[in-house]
S.K.: 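What follows is a single structure, and I will ask about it in a moment.
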Amino acid sequence: MADLIVNDSDYESIGDAYKTIGTYLEEIITDYLSIIDYICIDGIKSGNVHDNLLLFKQTASLLSGQINTATKLATQICEDFVSDIDEADGDLY
């Protein structure tokens, strides 16, 4: 039977990557919502398109914070996996 090899630093790197991606996506959402505001204030100031953009922005703004929450959870799962493996292998490594 082959040994299972778990490289802790790989999982730590994955956790860090989740954090980086989450921060980047949050910035993109913030910029996107600002662009919609700009369109509604300076471009399409009234009418159905204006109203629908505002409604869309309201719905899209619900994403703000959700990505950060999801990436924190993914990062925690990576950290917990490393801890669980360390606990399970005891004195082997």
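Side chains are part of it too, since the values below use all heavy atoms of this structure and drop only hydrogens, waters and symmetry mates. Predicted, not measured: the structure shown is a model, and the values here were computed from it.
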S.K.: Can you name the side-chain contact (heavy atoms from CB on, under 4.5 Å) partners of L63, sequence neighbours left out?
M.R.: I29
S.K.: According to the salt bridge (charged side-chain N to carboxylate O under 4.0 Å, His left out) rule, which pairs have a member within residues 13-24, sequence neighbours left out?
M.R.: none
S.K.: With sequence neighbours excluded, give me every ring pair (Phe, Tyr, Trp, His ring centres under 6.0 Å) pair touching residues 57-84.
M.R.: Y11-F81
S.K.: Which residues pass the ring pair (Phe, Tyr, Trp, His ring centres under 6.0 Å) test with Y18, not counting sequence neighbours?
M.R.: none
S.K.: How would you list all residue pairs meeting side-chain hydrogen bond (donor to acceptor under 3.5 Å, both in side chains) that involve residues 25-36, not counting sequence neighbours?
M.R.: none
S.K.: Sorted by first residue and then second, give each salt bridge (charged side-chain N to carboxylate O under 4.0 Å, His left out) pair with at least one member in residues 58-71; sequence neighbours left out.
M.R.: none
S.K.: How far does OG1 of T23 sit from CD1 of I67, to the nearest 0.5 angstrom?
M.R.: 10.5 Å
S.K.: Quick one: side chains of residues 44-62, donor-acceptor pairs under 3.5 Å with protein atoms, not counting sequence neighbours, listed by atom name and distance.
M.R.:
{"residue": "N52", "atom": "ND2", "partner": "N48", "partner atom": "O", "Å": "3.2"}
{"residue": "K57", "atom": "NZ", "partner": "D37", "partner atom": "OD1", "Å": "3.3"}
{"residue": "T59", "atom": "OG1", "partner": "L55", "partner atom": "O", "Å": "3.2"}
{"residue": "S61", "atom": "OG", "partner": "K57", "partner atom": "O", "Å": "3.4"}
{"residue": "S61", "atom": "OG", "partner": "Q58", "partner atom": "O", "Å": "2.7"}

S.K.: Do any pairs count as a side-chain hydrogen bond (donor to acceptor under 3.5 Å, both in side chains) and have a residue in residues 69-80, sequence neighbours left out, and if so which ones?
M.R.: Q76-D80
S.K.: Please give me the minimum heavy-atom distance between G15 and C78, naming the atom from each residue.
M.R.: N-SG, 4.2 Å
S.K.: Supply the atom-to-atom distance I35 CD1 to C40 SG, rounded to the nearest 0.5 angstrom.
M.R.: 12.0 Å
